Amino acid sequence: MEDILQGPKTVFTILGYPVSESVVNTWIVMVVLIILALIFRRRLELRPGKSQNIAEMLVEGFSGIVTSIMGEANAGFTPFFGTLFLLILLSNILGIFGFRTPTADINITLAYALVTVFSIHFYALKAKGFGYLKGFVQPLFFLLPINIIGELARPVSLSMRLFGNMLGGSVIMALISGAVSLFVPAVASIYFDLFSGILQSFIFTMLSMVFISLAKD
Amino acid sequence: MEHNVFTVGAFALLGAGIAMVAGIGPAIGQGYAAGKAAEAVGRQPEAQNTILVTTLVTQAVAETTGIYALVIAIMLLNFVSGLLK
């Protein structure tokens, strides 16, 4: 449990910059995703085979979720949010295979949250022009600092939610495996790694979608 | 009163425990949301999927304060283990 609380270990350094375990584990996730994509891409046909059926089911399900939350006009966000969801999902459930969960590191989750926050402001500026900046002084002018703090709190709460949940899950799993080493950790792992991992990745993408579609209109 | 490393560490650990009292708030909030969701499903069983998704997202938002407390408690634990090294 100590080593989970201490944060990720440094695997190697490039030009004096430390490369931590979280980054290396994210590379593993990326390689797995790329290999899966290449496997699913092979032999695309009009009459889909088994692997193409699975891929089409995934894409259709996700595009259904995106259009139901963000509206028909924003269906172009499906690839972005699909990728974000799969990346966070595989990062979360990597703990099952004995790796340190990359999302139990504040640097990784803050990076994901910053992507969302920058796209919120980008799409709001694109949709409303500079009238968007007027939203900061509404309803009253002296609420400007409070509105700015509210905007700054968004990446913090987004990243802390994912980070805290995954780190808490890892700590509890380490405590359970320390206390009982037979059978119980396997059952607990289904909840703390699998269920909470799927739920948290879904919630992260869901909140990003809601924020961006709110910013656009 | 003398303030040595052990006194500081002990109070930091106590603080970590007290910080987690914040877990009460999200528990009440999530329970309330879940109860309302169950009522909504009872009234409109055909809208079950929409209600499920909405409940999960709102519960995640309600959870935020508890997660902040957890992060602070873990920071305090890290502080103590750094102190005793």
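Keep in mind it's a predicted model, so treat the numbers as computed, not measured. Chain identifiers are assigned alphabetically (A, B, ...) following the order of the sequence lines, protein sequences preceding nucleic acid strands; residue numbering begins at 1 within each chain.
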Who among A:Leu207, A:Asn165, A:Ile106 has the most heavy-atom pairs with chain B under 4.5 Å? A:Asn165

Distance-only, no hydrogens or angles: does the A:Arg161 side chain make a donor-acceptor pair with backbone N or O of B:Ala60 under 3.5 Å? yes

Would you say CG of A:Asn53 has more than 12 non-hydrogen atoms from neighbouring residues, nucleotides or ligands within 6.0 angstrom? yes

Taken to the nearest 0.5 Å, the spacing of B:Ile67 CD1 from A:Met160 CE works out to 10.5 Å

Residue A:Glu151 excluded, over 12 heavy atoms near CD under 6.0 Å: yes

Can you establish whether the number of heavy atoms outside B:Met75 located under 6.0 Å from its atom CE is more than 12? no

B:Leu56 to A:Ile203 - nearest heavy-atom pair and separation: O-CD1, 3.8 Å

What part of B:Leu70 is in contact with chain A, defined as an atom under 4.5 angstrom from a non-hydrogen atom: side chain, backbone, both or neither? side chain

I'd like to know whether CZ of A:Phe12 has more than 12 heavy-atom contacts from other residues, nucleotides or ligands below 6.0 angstrom. yes

Other residues, nucleotides, ligands: >12 heavy atoms within 6.0 Å of A:Leu152 CG: yes

In terms of heavy-atom proximity below 4.5 Å to chain B, should A:Leu199 be classed as side chain, backbone, both, or neither? side chain

